[in-house]
Amino acid sequence: MSHSNTNVVAIIPARLAATRLPNKPLVDIAGKTMIERVWERVAQVQGVTTVAIATPDTEIKEVVEGFGGQAIMTSHAHRSGTDRVAEAARTLGLNPKDIVINIQGDEPLLEPANISAVLAPLLEDTSLPMSSLTCPCPEIDRENPACVKVVYALNGDALTFSRSRIPFPRNESTGVVTMQHIGLYAYRNGFLQTYSTLAPTPLEQTEGLEQLRVLENGYKIRMVRIEKAPIGVDTPEDLERARQAFQAK
């Protein structure tokens, strides 16, 4: 099957107004900004035709263009990274069948193989609207509401996401493992544009999890299992860990 007519565009939403780590995309990690570190990882993925950073901030745009990247200016009004990515996809004039990968701008240690993994289902099955990643949840995080859990059907389609531990282990002899959700997404662009216009849904608002809006509206999210979650940078401690990882290379 030829995918030559399908654009695969990786979009990294980034903004300066992060609460826990101010100016996060521009912090230095071993001589380069975090946004450049993420961009370098994404640029290694085979099959990705365009990598762009979507931002409302001219400071980020200037830094991105300074290292040779493509920046797309977006509105300050977006409620979420998804809405920012959807606007950038419109600016790029993508077709409904094109694939858009939404990559967090705070994962400088993201493995290119993880991006290939989230892309694969949409290349294989043109009817799928969306895919995401999952990995076994570390025992320490099974009751941690900051770590989002997912359960999925035998074919890999997500059944639900929760900040609570799911499934409840009433019968542990089944060998079912608690699975963590990783917030890396690929969408068919036509679906992404629909998704960004859907109103927030009751479960989404209850759990504070935007991906539940997809399931509550009856759409599918195909989950792909990888072995471990990338290290995100949310706190000064995370930033120090990421710096040490790059210095060790």
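The shortest heavy-atom contact between L109 and R41 is O-NH1, 3.4 Å. A pairwise comparison of heavy atoms in N7 and D98 identifies N-OD1, 3.0 Å as the closest pair. Between R37 and P108, the closest heavy-atom pair is CB-CB, 3.8 Å.
Y185 is listed as a side-chain neighbour of Q211, based on a closest heavy-atom distance under 4.5 Å. A 4.5 Å side-chain heavy-atom check between M179 and P136 finds at least one atom pair inside the cut-off. L184 places a side-chain heavy atom less than 4.5 Å from the side chain of I103. Looking at heavy atoms from C-beta onward, V151 lies in side-chain contact with T160 at the 4.5 angstrom threshold. Between E111 and P230, every side-chain heavy-atom pair lies at or beyond the 4.5 Å cut-off.
At distances below 3.5 Å, not a single donor-acceptor pair connects side-chain atoms of D141 with backbone N or O atoms of C147. With K149 contributing its side chain and Q180 its backbone, the two residues share no donor-acceptor pair below 3.5 Å. With hydrogens and angles ignored, the 3.5 Å screen pairs a side-chain donor or acceptor of N189 with a backbone N or O of N95. The closest donor-acceptor contact from the side chain of E210 to the backbone of S80 lies at 3.5 Å or more, if one exists at all. At distances below 3.5 Å, not a single donor-acceptor pair connects side-chain atoms of D157 with backbone N or O atoms of K220. When atom types are taken as modelled, the side chain of S131 and the backbone of M223 share no donor-acceptor pair closer than 3.5 angstrom. Counting only distance, with no hydrogens or angles, the side chain of R188 and the backbone of L122 share a donor-acceptor pair below 3.5 Å. Of the possible polar contacts, none joining the R15 side chain to the H76 backbone as a donor-acceptor pair under 3.5 Å is found.
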Could you please spell out the steps behind the salt bridge (Lys or Arg N to Asp or Glu O under 4.0 Å) verdict for R213 and E216? CA-CA 5 Å; R213 189 187 316 172; E216 285 182 271; over 6 Å; no
Would R225 and E227 count as a salt bridge (Lys or Arg N to Asp or Glu O under 4.0 Å) here? Give the steps. CA-CA 7 Å; R225 179 174 171 155; E227 281 324 295; 3.7 Å; yes
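Around CD of Q247, the count of heavy atoms belonging to other residues, nucleotides or ligands within 6.0 Å exceeds 12. More than 12 heavy atoms of other residues, nucleotides or ligands shown are found within 6.0 angstrom of NZ on K24.
By the 30° and 60° cut-offs, the orientation of the rings of F191 relative to Y195 is parallel.
A single hydrophobic cluster is not seen to contain both Y152 and V118; linkage of ILVMFWY side chains at heavy-atom distances under 4.5 Å, directly or through other members, places them apart. No continuous path of hydrophobic side-chain contacts links L119 to M130 [ILVMFWY only; heavy atoms under 4.5 Å]. One hydrophobic cluster holds both L209 and V85 under the rule that ILVMFWY side chains link at heavy-atom gaps under 4.5 Å.
Side chains of E207 and S162: a donor-acceptor N/O pair is present below 3.5 angstrom, by distance only.
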